[in-house]
Amino acid sequence: MSALAITSSSLTTSLARYWRSWGLWVLLLIAPICARYMLRIDDGGVIIAIDGKLPEMTSAFIGVSLGIVMTTLLLPVGWLYLRSNTTRRQPWQVEETTAASRVAIALGRFGADCMIMLTTLTALTAAGWFLAWVLIPVQQLNFAHLTFALWLVAAPALIGLCALRILFDARPLLRSGFGDFAYFVLWIMSLAMPAIMAGQTPSLATNMADFAGFVTPLQYGAPGDAGDFAISVGGGFDVDPGHVQLDVMAGLTSAGYIPSRLLWIAIAIALVIIAGLIYQPHRAKRRAQRAPWLAALLQPGAPPRADPHAKAARHAVAGALNLVMAEFRLIGTGRVFLAFAASVTALSAFADFRQIASPAALLVMVFALSAHAGRSEARGLVSLTRVASFAPMLRRAAFVIAGGVWTTLMAMPALFRTPSLEMFSTAAGTGLIAAAVASVLATLSGSGFAPRLVLLVLWYGYSSYSG
Amino acid sequence: MSSLALAGIAKSYGRKVVLADVSHTFTPGLTLLTGPSGAGKSTLLRLIATAERPTRGTLSWNEARLPDARARLRRVLGYAPQAVDLPEDLTAREFAMHIAALKGLSLSAADKQFGAITDAIGLHADINNRIASFSGGMRRRLIFAQALLGAPEVIALDEPTAELDGETARKLSALILERAKTAIVVVTTHLADELAPHAVATLRVRDGAVA
């Protein structure tokens, strides 16, 4: 079979699976609904301010605004969708024993992912047209400018996202939770990197540092004396009356901007080819050889001697409490977690609670909670557990309580040191809220992936916020 | 004496009718559900295990109708589906304790009982190992073992001896027959095996009907 035929087959099969999934329709709805909140209308939405003033609303500015929000805030949503949705499960056992080129398969899947993400962008474009029609006088409407600005900013970032998904599916380590963490770091970097080029004359080199593509369109077309640029979601600062004239089209067509966006697309395609070349087949989990002392430490030990005459277990007197205890144990399963939890507990004895100990505890819990929520809500397991005495909702409630108990326990030294109701509520609240988020997302997605990524984003916000 | 009664049960998925007008009363003892692949055996077992609801008809547990009696039935139910998405990163023992907690059982007693069950089916040496390292047969035995935790009065087992070698299958069969002395045990199988002579009833499922 030719490489082209393999790519074509991979593309059409993946697309067929996408079209038949309900998740796609949710994704297609998210963009237009969010579009309303991406723009500064009345007092809500995302604020883009230059020297404290809002730019004048033009078609191109609406396009750039929607593009900026798409490439910054919505990239994690796109990652969540691609990594956890319809085409996550593949018949690897069969595919990997065929002679088909992995590059050809990767390109086909990449093509399908791109079509899905660009379809979402099309939905957002349509929503942008409608909003522009509402917000801008008819004689100033320019749908071509809006579309050009939106696609130039957002499309390369979305295509890059699709390429990363394929690349992160190529190696065992990147397929795991580490891959999600690595993506999270890359995403944060993509938001921070543009600061390097702020104030510099736009060129291909400076624009390449701006994966999200929002600096030049805002900076280049701003008045010459403009110095302060700020983007905020849902408030955060007050804007001054009046508007700034912003020539977005000049920024989009400035030297090096369009070539940089095209180069990002070329890099994305190159990443997919590299993913095909370095692809490593799935294997049954094999534990790496550990040092003898580590192996001895992690060895679970022989099971207790079986008593063939053991009586049938009776129902517990306090079954609900039993359930909370079981969830508590299962969240904390594994000696690695226990070692981290013990370290964080020790840390809370002397480190600042709100700035260091509590974020550290939450980070440990992100992985433990998402792992247990994911395994408990696996579709194939729920078919068994839903017929148990305790309904799934009761187990979820027990899980949330157990999460709160874990973070409270880790904060005990700090609570003994400086007892306060505020500290107690922070300690318990972080665990309860994180567990609730993990439970809801794992229930919806049937895996621990979505909660892990969302909790990492929330953890980043929590650890950065000093209030 | 416990009884689980099906009256005029039908189950459809869209236009596809899987079961039509099934009536039977299960009493303590072993009941085999036989029939060709795709005949509806597993669907009937899922209905008995309350994992699905019938499109038409009623289920009754000790003469109380479901759904009112569903919680009471689930309290005394042991269910082993054909395939379960087992949590790979847990040990067999941790998984069993998870199920025991969901069944509302005393965990220390359930741990001892799990040891005894796994000892009887040749899995005990591996219960502290992660499920990821388990073979297909070991997974099958683990799914079987969790169904027997507690003292279930209704045990629904879907092809429990599939993928097992002859000797291990015989060990499972012995446990099934032991439990069938006091409990309602319903087992699906598409093969006539050594359980057949001990069954109080054998229902043949074919084309949505039970004979």
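Hydrogens, waters and symmetry mates play no part in the numbers below; they use all other heavy atoms, side chains included. Residue numbering restarts at 1 for every chain, and letters A, B, ... go by the order of the sequence lines.
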Should B:L157 and B:R179 count as side-chain neighbours, where that means a heavy-atom distance under 4.5 Å? no
Between A:A398 and A:L323, the two heavy atoms sitting closest are CB-CG, 3.8 Å
All pairs passing ring-ring contact (aromatic ring centres under 6.0 Å, His included) where residues 105-146 of chain B contributes a residue, at least two apart: none
Determine whether A:P451 and A:S445 make a side-chain contact, defined as any pair of heavy atoms from C-beta on separated by less than 4.5 Å. yes
Sort out for me which of A:L394, A:V387, A:N322 touches chain B most, counting heavy-atom pairs under 4.5 Å. A:V387
A:P392 versus chain B, heavy atoms under 4.5 Å apart: side chain, backbone, both or neither? neither
Validation row: A:R395, A:R386 side chains within 4.5 angstrom (heavy atoms): no
Under a 4.5 Å heavy-atom cut-off, does chain A meet the side chain of B:A110, its backbone, both or neither? both
Which of residues 93-106 of chain B have a heavy atom under 4.5 Å from any heavy atom of chain A? B:R93, B:E94, B:F95, B:H98, B:I99, B:A101, B:L102, B:K103, B:G104, B:L105, B:S106
Between A:T333 and A:R375, does a side-chain contact (heavy atoms from CB on, under 4.5 Å) hold up when you go through it step by step? CA-CA 12 Å; A:T333 189; A:R375 72 167 81 100; 3.6 Å; yes
Given side chains that start at C-beta, do those of B:L47 and B:L19 come closer than 4.5 Å, heavy atoms only? yes
I'd like to check A:F337 versus A:M365 (side-chain heavy atoms, cut-off strictly below 4.5 Å). Are they in contact? yes
B:K112 atom NZ, neighbour heavy-atom count above 12 within 6.0 Å: no
Does the side chain of A:T385 reach to within under 4.5 Å of the side chain of A:F390, using non-hydrogen atoms? no
Can you confirm whether A:Y279 is buried at OH, in the sense that more than 12 heavy atoms of other residues, nucleotides or ligands lie under 6.0 Å from that atom? yes
Less than 4.0 Å between a side-chain N and a carboxylate O, is that true for B:D119 and A:R305? no
Residue among B:I117, B:L107, B:T118, B:L86 with most heavy-atom pairs under 4.5 Å to chain A: B:L107
Per-residue contacts, residues 55-77 of chain B versus chain A, heavy atoms under 4.5 Å: B:R74, B:R75, B:L77
Determine whether the side chains of B:D158 and B:T188 contain a donor N or O and an acceptor N or O closer than 3.5 Å. yes
Hey, can you tell me if A:H372 and A:F399 have their rings parallel, tilted or perpendicular (30° and 60° cut-offs)? tilted
Only heavy atoms, only distances under 4.5 angstrom. Which residues in residues 306-318 of chain A are near chain B? A:A306, A:D307, A:P308, A:A310, A:K311, A:A312, A:A313, A:R314, A:H315, A:A316
Considering all heavy atoms, the nearest B:A147-B:P152 contact: O-CG, 3.6 Å
